[in-house]
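Below is one structure; the comments refer to it alone.
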Amino acid sequence: MLCYFIKNMGTLQRTKIVEILSSDTFLSQQINVRGWVRTRRGNKQISFIALNDGSTIKNLQIVVDITTFGDEFLKPITTGACVSITGVLVVSQGQGQTVELQASDIQIYGTADAETYPLQKKGHTLEFLREIAHLRPRTNTFSAVLRIRHAMAFAIHQYFNEKGFFYLHTPIITGSDAEGAGAMFQVTTLDLNDMPKTTEGKVNYENDFFGKPTNLTVSGQLEGELGALALGNIYTFGPTFRAENSNTPRHLAEFWMIEPEAAFYDIYDNMDLAEDFLKSLIRYALDHCADDLDFLNSMWDKELIDRLKFVAENDFVRLSYTEGVDILINSGEKFEFPVSWGVDLQSEHERYLVEKHFKKPVILTDYPKEIKAFYMKQNEDGKTVRAMDVLFPRIGEIIGGSQREDNYDRLLDRINELNIPMKDLWWYLETRKFGTAPHAGFGLGFERLLLFVTGMGNIRDVIPFPRTPKNAEF
RNA sequence: UCUUCAGUAGCUCAGUCGGUUAGAGCACCUGACUGUUAAUCAGGGGGUCGUAGGUUCAAGUCCUACCUGAAGAGCCA
């Protein structure tokens, strides 16, 4: 800190554009700004630089007197160049902005050759920007999305902290292959070109790093339950991996998931938490990301802000799977997949309930046990389990959760019925053997939340560096 | 993984019934312009038509396979 201070003595501290534009304390002051050039335009006498430093979606206009700096010096200041500019902040003579910086000193940190720099002043398609993911954070759209992504991550921690939930770090490498949430990525240090074999000709994992097969986690839930049955209320927030060959705008091979788990919660407490959680995150975005949301609203999705407000202000509809199926059967709607009690609901069915019938978020509960995971608490009817899915317009399933089966015998029966290999999950069963308690939790896909909050249409555009089948660039 | 659509200049696209030297807008370069707002105006350069085969006198255009991307579906968060 001392070194930093001495090193910078005599030079002006950098001021962020977001601070300059949010108060009038800098007016008539000499300040220094640093950032990347969006455009430069003008004539022989005067040049205007639109400068963005990532702190806000808004640019600061820099006014440059060409006779002072010289044409040759200004030439390399093109779109994409990085500069440090010192000058006095004045009231703008032009129409498009309230203040502007009269440049008195310009330092060029890095140029961006205009013939090869891929980002132009004109618009680009999202598909093209995905191919240059190393540069797309410099665009308005992606800087807005990434600032909102940060705000939502912060709001999640703040929400749970205030509710007394502890942040539990569950493992990313797992030794169990029975989490039951999809195909897994194997983790190994064995030489794939020279695998040690057992006498039966199978891979001998005794020499692998962990002495047994391991994978990247598909969910932190099972470990989360261990935390909840000790600390009371916990949540996880970390990366999750699915090796499914899913090619849709709603799936990633690597995504971030939030999984709260709470002891002494039943499914109703769980629904209350999920609804309050989502609403408060959306309110946080409306309150703290107004500039970025305004931009996304005008650029990509004219109904975005109205939709966010509507969801934040209205109650979610709650109904059972059985009631939902009745509505679908009596709807008169022709579905590609016919509906009957016991079938898993297809996208078209969920969309009908959310977007046509209720026109608001829906929480569906008490699904047939056959179509849900082994750990969900069985209802007295013997047919359904205490599952809950939160269905959102445009997104579909944004949250999946349940009250967990806390009875040792019933859980073991279910595991045996489904032939789940539980040899690696003995520790999970012991929570029901020693001091078991009713508990519940859910999983929220962070990028699915961001799809909804930003109005973006493709999940690859709400994470900085998407991982999808056949794509691990950057 | 299945179905459908797409791939032509740096970007976004047009290219008719298969027919001469493949076009436009933007970007870029050069010039003009005394305050611009994705500045404007004039001129200029820029192409392995996704890849590999095939049909044909002739293929950007038709056929086959593959690659890549997108949308919908499945799986799910």
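The shown structure was predicted, so the numbers you read here are calculated from the model rather than taken from an experiment. Order of the sequence lines sets the chain letters (A, B, ...), proteins ahead of strands, with each chain counted from 1.
Rounded to the nearest Å, the gap between the P atom of B:rU30 and that of B:rG45 is 15 Å. The separation of B:rU12 from B:rC17, taken at their P atoms, amounts to 26 Å, rounded to a whole angstrom. To the nearest whole angstrom, the two C1' atoms, one in B:rC66 and one in B:rG10, are 27 Å apart. With both ends at atom P, the span from B:rC49 to B:rU61 equals 10 Å, rounded to whole Å. The C1' atoms of B:rA65 and B:rC26 are separated by 36 Å, rounded to the nearest whole Å.
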Atom pairs, protein N/O to nucleotides 1-6 of chain B N/O, distance under 3.5 Å:
from, atom 1, to, atom 2, distance (Å)
B:rU1, OP1, A:N245, ND2, 2.4
B:rU1, O5', A:N245, ND2, 3.4
B:rU1, O4, A:N245, O, 3.4
B:rU1, O4, A:N247, N, 3.4
B:rU1, O4, A:N247, ND2, 3.1

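Checking B:rC75, B:rA71, B:rC76 against the side-chain heavy atoms of A:N458 singles out B:rA71 as nearest. The side chain of A:Q61 sits closest to B:rU36 out of B:rC11, B:rG72, B:rU36. Between B:rA32, B:rC11, B:rA38, one nucleotide has an atom nearer to the side chain of A:F128 than all others, and that is B:rC11. The side chain of A:H124 lies closest to B:rC11 when the candidates are B:rA73, B:rC11, B:rG35. In the set B:rU30, B:rG35, B:rC75, B:rG35 carries the atom at the smallest distance from any side-chain atom of A:F48. Proximity note for A:A114 (side chain, C-beta onward) versus B:rC28, B:rC76, B:rG69: the nearest is B:rC28. Closest to the side chain of A:T125, out of B:rG69, B:rU12, B:rU36, is B:rU12.
Here A:K44 reaches the OP1 or OP2 of B:rC33: one of its side-chain N or O atoms lies under 4.0 Å away.
For A:E127 and B:rG69, a side-chain-to-base donor-acceptor distance below 3.5 Å is absent, hydrogens and geometry of angles not being considered. You'll find a donor-acceptor pair under 3.5 Å spanning the side chain of A:Q120 and the base of B:rG10, going by distance alone.
Among A:F255, A:F237, A:F452, the single residue meeting the ring pair (Phe, Tyr, Trp, His ring centres under 6.0 Å) criterion with A:F446 is A:F237. With A:K372 as the fixed residue, the side-chain hydrogen bond (donor to acceptor under 3.5 Å, both in side chains) test singles out one of A:D366, A:D389, A:T384, A:D344: A:D389.
Taking atom CD of residue A:Q93 and atom P of nucleotide B:rG35, one finds them 11 Å apart after rounding to whole Å. Between A:L449 atom CG and B:rC76 atom P there is a gap of 21 Å when expressed in whole angstrom units. B:rA38 atom P lies 15 Å from atom CG of A:N52, rounded to whole Å. One atom, CD of A:E350, and another, P of B:rC76, lie 11 Å apart when rounded to the nearest Å. If you take OH of A:Y117 and C1' of B:rC11, they are 14 Å apart, rounded to a whole angstrom. In this structure, NE2 of A:H349 is placed 11 Å from P of B:rA73, rounded to the nearest angstrom. What separates NE2 of A:H251 from C1' of B:rG72 is a distance of 13 Å, to the nearest Å. Going from atom CG of A:D71 over to atom P of B:rC29 covers 12 Å, rounded to whole Å.
For an aromatic pair to be called close, the ring centres must be under 6.0 Å apart, and A:Y352 with A:F335 satisfies this.
RNA chain B forms stems at B:1-7 with B:67-73, B:10-13 with B:23-26, B:28-32 with B:40-44, B:50-54 with B:62-66, each a run of 3 or more consecutive Watson-Crick or G-U wobble pairs whose two key distances fall under 3.5 Å.
A 6.0 Å sphere centred on OH of A:Y109 holds more than 12 heavy atoms belonging to other residues, nucleotides or ligands.
Salt bridge absent: A:E405 and A:R386 never bring a charged side-chain N and a carboxylate O closer than 4.0 Å.
Classification of the A:F160-A:F165 ring pair by plane angle, with boundaries at 30° and 60°, yields tilted.
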